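Each chain gets a letter, A, B and so on, in the order its sequence line appears, and its residues count up from 1. For clarity, every value in this text was computed on a predicted model and none was experimentally measured.
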Number of protein chains: 2
Amino acid sequence: MLKLEFWFEFASPYSYLAAVRIGDLGRAAGVEVVWRPFILGPIFADRGWTTSPFNLYPDKGQYMWRDVEREAEHQGVPFERPSIFPVRSVLAARVALLGVEEGFVEGFAREAFRAHFVRDEDLGSEEVIDSTLAAIGLEGSTVRARACGPAMKDKLRESVDRARSLGIFGAPSFVVGRELFWGNDRLERAIEFALSQRDVSG
Amino acid sequence: MLKLEFWFEFASPYSYLAAVRIGDLGRAAGVEVVWRPFILGPIFADRGWTTSPFNLYPDKGQYMWRDVEREAEHQGVPFERPSIFPVRSVLAARVALLGVEEGFVEGFAREAFRAHFVRDEDLGSEEVIDSTLAAIGLEGSTVRARACGPAMKDKLRESVDRARSLGIFGAPSFVVGRELFWGNDRLERAIEFALSQRDVSG
């Protein structure tokens, strides 16, 4: 079975743009998408960065917001620049990792991205996590309690370590076998590569 | 007349990938391409960088070389990772600026990019500049003498200042009116935008 790993960070605007289309693209192509929530903070910290490079380099940040606006329009999806950037994404990532185990990751991730990048809600808050879970029929406090236990904390640390070992330095990233693709605009390439590998293996 | 400014840096692999296709794409779309040679060094220096971010951040650099290799294959153009990176591009940029005035910039730039990114020649050397000029029927030492005079030195400084004022932070960049697009993978967007502006203005 072909697999495409989708490494995403809830604070990342380009991860939002990929998350809203990757499920349908993967299903249409016959490529299985494996959702891999992680956080970029520790990887940025390896470089001595204390915040997003889009904040460290304002010219690049200003460009990015305009580019995301244009790309969202091109994809036909709504987008509103969030008041908080980068939003604290640890809680959302832990909930999403629980969702990987329990089968609700795609639904949760899509709702969470929309709350933050369409309705400008603070995804770092428990209230927004709870309303996001409610939107997919889950009870917030129960899910959060499990997501904040030692198991999901360990999972998140392991995810970041695995991302590092794969050479991931930004989000979204796509991994097919040993091939790494970075950025929403490389999603089609990653899918093509996955399909070409299927052809090779017969 | 519609114009699309193509800001390129001779040391930049993605500038090579854009330079080999922008002329034909622009002519096919009916969009005039204005070639804008510049150098990124002074803009990187503004951030305290002494070399390319692809060297400062090896994980990003390693990814970039693989990505360029794949994108070149996708475009159907040859590519060889150069031994020197980033190559000293000041001389090539000055010659190209002379080429803007004298009408040989596109031919020179395409040959220069090929020398460096296909045949792994040191574009920082006078010998390679001369053989590149010879390939388009020009005499190296004569052209270099003019390119290294005070007029082209001033032009290059002005180009870098203009790039800064446009918010340019990387290469290639495309500017249409007040809209900035960054990266070889945004070239189609820049052309679409130029065409949409024509439609608006009737």
Exercise. Indicate, with yes or no, if the rings of Phe169(A) and Tyr57(B) have centres closer together than 6.0 Å.
Key: no

Turns out that what part of Arg66(A) lies under 4.5 Å from chain B's heavy atoms comes down to side chain

Quiz item: Would you call Glu5(B) and Arg162(B) a salt bridge, taking side-chain N to carboxylate O under 4.0 Å as the test?
Solution: yes

Applying a strict 4.5 Å limit to non-hydrogen atoms, the region of Asp59(B) in contact with chain A is both

The interface call for Phe181(B) against chain A, heavy-atom contacts under 4.5 Å, is both

Cut-off 4.5 Å, heavy atoms of chain A, and the answer for Arg186(B) is side chain

Honestly, the part of Gln62(A) sitting under 4.5 Å from a heavy atom of chain B is neither

Most contact-rich option vs chain A, by heavy-atom pairs under 4.5 angstrom, among Leu56(B), Ile168(B), Asp185(B), is Asp185(B)

So, Phe8(B) versus Phe10(B), ring centres under 6.0 angstrom or not?
yes

Fill in: Polar side-chain atom of Glu9(A) near backbone of Leu40(A) as donor-acceptor pair, under 3.5 Å
yes

With Phe117(A) as partner, the option from Ser15(A), Pro13(A), Ser12(A) fulfilling side chain to side chain contact (heavy atoms under 4.5 Å, CB included) is Pro13(A)

Highest number of heavy-atom pairs under 4.5 Å with chain B among Glu71(A), Glu192(A), Arg164(A) belongs to Glu71(A)

Subject >> Within 6.0 Å of CD in Glu102(A), more than 12 heavy atoms from elsewhere >> reply: yes

